[in-house]
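Worksheet for the structure shown next.
Chain naming here is simple, since letters A, B, ... match the order of the sequence lines and numbering starts at 1 in each. Everything quoted here is computed from the prediction, not taken from an experiment.
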Amino acid sequence: MMRIVLAVLLAISTCACTNENQSIPPAPHAIVVGVLPDQSKANLATRYGPLVDYLEAATGLHIELEIPSSYEQMLDDFDTGRLDVAAFGGLTYVQAEQRSRAQPLVMRDVDLQFLSCYLVRAADARGSLADFKGTTFAFGPRLSTSGHLMPRYFLNAGDMPPEEFFASIRHSSGHDQTVEWVRDGDVVIGVANCDIAQSMLDNRDVSANSIRILDTTPAYANYVWATQQSLDASIKTLLRDAFLALNKTNPEHRALLMAQGANGFLPAGKNDFEDVRAAVREIGLVNMAN
Amino acid sequence: MNTIRARHQHIFRIVYALTAVAVLAAFTVIIALYMGQRAEDIARDRIAYYHLASSTVSEQLDRDTEVLKRLLDADTGAAPGRQSIHPAVNGILFSMRADLMQLSELHDLYAIVDFDATLARLIDGYDSIERLLANPERATSPIEEIAGFELAIEQLYRLHLVAAANSLADIEDRARHNLPTLVLLLGVVVTAVLVGWYLTRLLRRTLARQAAIEVTLAESQERMHHMQKLEALGQLVGGVAHDFNNLLTVIMGQTGLLQDRTAGDKRLQLGLDEISTAAQQAASLTKQLLAFGRRQAAEPQLFDLNGLIDNMQDLLRRTIGEDIELEYEHEDVLDSVKLDPGQMHQVIVNLVINARDAMPNGGKITLAIRNLQFGPDSARPGDLAEGQYVNLTVSDNGVGMDKETQDRVFEPFFTTKLRGRGTGLGLATVHGIVGAAFGHIEVDSRPGEGTRFDIYLPGLGRDLGSPAAESARERAEMPGGSETVLVVEDEAQILTLLCDGLTSLGYTVLTASGGVDGLKFCRKEPGTIDVIISDVVMPKMNGARFMKRALRLQPNAIGIYMSGYTDDVVLQQGVDGSLVPLIHKPFDLHKIAKVIRWHLNERAVKSESREAG
């Protein structure tokens, strides 16, 4: 009772108080799902198409897959409400959270303990990161969470500000390029998404004789499926449970999970992204773009 | 007045009520906020408790699963192909069942987190593990099932974790909204109290001002009533005095006639003198009455103050009573002063009465008169010019006055006497009379040491003799004549008096009781009438209209008005005193005889000079 009185009085007395929950949009005709365009459209369609089909079947909702043309486009689409659900990277999620109050839904089990790997040539005998002072260094793309933002954040935290610690810094156009630069000796040391580096090693895209993993960053949360805050709660629950139900014991699920590079999905929360948020605060989006 | 006050009281009540409502409303909201805060604290505690419980159970389940995995590994490792179950597995399964039971209970406790599906999956997972283990023909160890089970445990654990974090974030978010609201409300309370305080103060001031105005209004109304009473009394007294004047004119006139006719009889003469003196005194009394009624025609004349005060002593002693001693100090020969003796009389009476009232337990009043010379270097009171002065001092040894009272003592309506005892006009009148005579009055007093009034009047030479002596001389020289005099007067007794008196002086007297009759005489033949004497206030045709027409018919005649009224009243009747001379009633025969003779002689001198020219 007190709460109601309080709420009424608050609404009356504080005009500055805006209430986002006041207007619940009607249930969307179709749930539009956007995914981070970090690969070619074809690759993304193969990777996410079956997942979307599964979600449609599991929830009974009509779901459409949307592949934005760029990270910025994705953020804009989410901001305008064109996208109801989006698979963000760590950095894009934090941006969407700040711009559009995006709400985390689920993430792959691997995303919770995500790592970036420092790669050196296999022949290099030096044992720790500190031994590479004054050498040449390669980050991934500027806007990459695992290839740039988080490594830079942890290097700063380890008292190794990259611009001072290394003789020169380069930015690759993708994690595979970083791996190649290290292999080819273009840089002495590079940092890349561990997932990709490991799979390149596993798939023998790059020989274990030519490069090795020197070290990893501390774990941080990276990719996440997020929804609009205003999305109906029951739809959120439906989607979440569909993701959580994916289980390797089920042969159909196994293929989907393999495509996602996951053992399963876990509920995601805002608190999981404290590290990324701290990195964005410290480094700033302006520095990221430069 | 009371309605205004009532209205103000009403506004007061509204202001109080509004302030109270604002403060109450603000306090209500503050209390509500506080209660909300408490509710949130409780919710927070519940979330924390719940999260702790769920994480504990989840971890327990996780550990049990780990143990189960190791037992199965050991089992398969020890004897491959042999499908036996380690004895401890049943214990672990039992523990896991208990964990799942606890999770189900948590679900009942905390319905906000919708984890039905996950819990169901967990239980399914457990069931399939149990089923596999219970099947002695199983081909493989249930490692896949256990991995799925572990995933479900972690999902459940994180579901709780995220729900708890979200709930806490919501609470924090609301708390952030509460702080500015609280500050705003405190601001409202403070503002309401301040505004209320200011408004009440403003209102109180306005009320006080209003009250002061009311008091002033009431005072001035009372003063007006007082004045109206005085005015009415004055009119009454003035009317009576006027009628008395007419009677006194007859008494004085007839006495004069009798004195002339009985010149040889000494005893009769003495009696008639007494009558004459008494009539004079009565005339001066009526003059005072007229002065009080504001109908007095002031007649400044030269006289000796000594004589006036000599005549007043009996009156003064009677006035002050037996407890008070009256002392009179004076120089034998005083300069004459020029003002209306009746008014001077009033001045002295007023000052003596004030002195008496200042000595309720008796004392001494001193009247002192002396001549004074103010030279160019001497200190002169007031703005008096240098020259000769007569200084009259009235002093007492009564209660005295403080400085404040002294400053206001000459203000009209200022009185220290009880209401109804004094008019507050006495000293104001004194001040006015002295000022009109180009004199000055000063007061000197100290509380407990008595009061002293000093009057300075210009001194104007000596040796005039007393009024009585003047009267005797005048009587001896009552001039007569043989000219024709027309007397117009509505008062029959005065008409008779003038007719008899003027006839005895040798004049031919024509009488008329009104203007119409008078004009009949005037129409006869120009030049037959030498003097026309007319009353001013008469019925039908007033004196001024009559005189105007009469003088047109008899252009050589001399016109003289006589009136018992003040100059103001006479002027209102249309009389122009500068063209036609005016004699104030009461008068005696000598006065009118002298006026007539003087004007006739003037006319004769003028006509002679015209003929000579």
Side-chain angles (χ1 to χ4, degrees), chain A residues 1-21 58-59 101 103-109 112-113 221 224 229 233-234 236-251 253-254 257 262-274, chain B residues 25-26 28-40 43 112-118 120-122 124-125 128-129 142-166 168-170 173-174 176-178 180-185 188:
Chain A
M1 186 58 201
M2 255 334 177
R3 289 258 171 163
I4 295 165
V5 172
L6 176 64
V8 169
L9 284 172
L10 272 178
I12 293 164
S13 60
T14 59
C15 354
C17 175
T18 53
N19 198 336
E20 290 83 7
N21 296 332
T59 59
R101 292 179 158 254
Q103 215 175 33
L105 186 71
V106 291
M107 64 209 302
R108 300 178 305 172
D109 56 345
L112 198 56
Q113 297 286 316
V224 64
Q229 195 176 40
S234 60
K236 284 182 198 166
T237 306
L238 274 176
L239 286 169
R240 184 197 69 192
D241 286 342
F243 274 110
L244 296 186
L246 287 169
N247 191 331
K248 272 192 169 173
T249 45
N250 184 324
H253 292 179
R254 179 183 286 267
L257 287 169
N263 298 310
F265 281 86
L266 294 173
K270 288 188 176 182
N271 289 357
D272 296 328
F273 291 87
E274 272 314 320
Chain B
T28 309
V29 175
I30 286 170
I31 289 168
L33 279 178
Y34 172 74
M35 302 283 280
Q37 191 69 43
R38 267 187 59 78
E40 275 164 7
I112 293 176
V113 186
D114 178 7
F115 59 89
D116 287 2
T118 316
R121 206 159 47 246
L122 199 61
D124 282 352
S128 62
I129 291 170
I143 223 74
E144 286 282 310
E145 277 76 14
I146 288 173
F149 186 69
E150 279 177 322
L151 179 68
I153 292 171
E154 188 163 6
Q155 284 175 345
L156 197 68
Y157 170 77
R158 282 189 58 80
L159 266 179
H160 294 152
L161 185 75
V162 170
N166 284 350
L168 287 177
D170 284 352
D173 210 35
R174 272 200 297 275
R176 262 201 299 282
H177 282 285
N178 286 353
T181 314
L182 209 64
V183 170
L184 188 84
L185 286 171
V188 167

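Contact between B:A165 and A:N271 at its shortest, heavy atoms only, is CB-ND2, 3.3 Å. Closest approach of A:P267 and B:Q155 over heavy atoms only: CG-O, 3.3 Å.
Using a 4.5 Å heavy-atom cutoff, the side chains of A:L112 and B:E154 are in contact.
Residue with the most contacts toward chain B among A:V106, A:N250, A:D272: A:D272 (heavy-atom pairs, distance under 4.5 Å).
At a 4.5 Å heavy-atom cutoff, A:L238 makes no contact with chain B through either its backbone or its side chain. Residue A:T237 touches chain B through its side chain alone, counting heavy-atom pairs closer than 4.5 Å. Residue A:A245 touches chain B through both its backbone and its side chain, counting heavy-atom pairs closer than 4.5 Å.
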Let's go through B:V162 and A:R240 carefully: what are the C-alpha distance in whole Å and the side-chain angles of both, what is the deciding distance for side-chain contact (heavy atoms from CB on, under 4.5 Å) to 0.1 Å, and is it a yes or a no? CA-CA 13 Å; B:V162 170; A:R240 184 197 69 192; over 6 Å; no
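Among A:L266, A:L244, A:D109, the one residue that satisfies the side chain to side chain contact (heavy atoms under 4.5 Å, CB included) test with B:R158 is A:L266.
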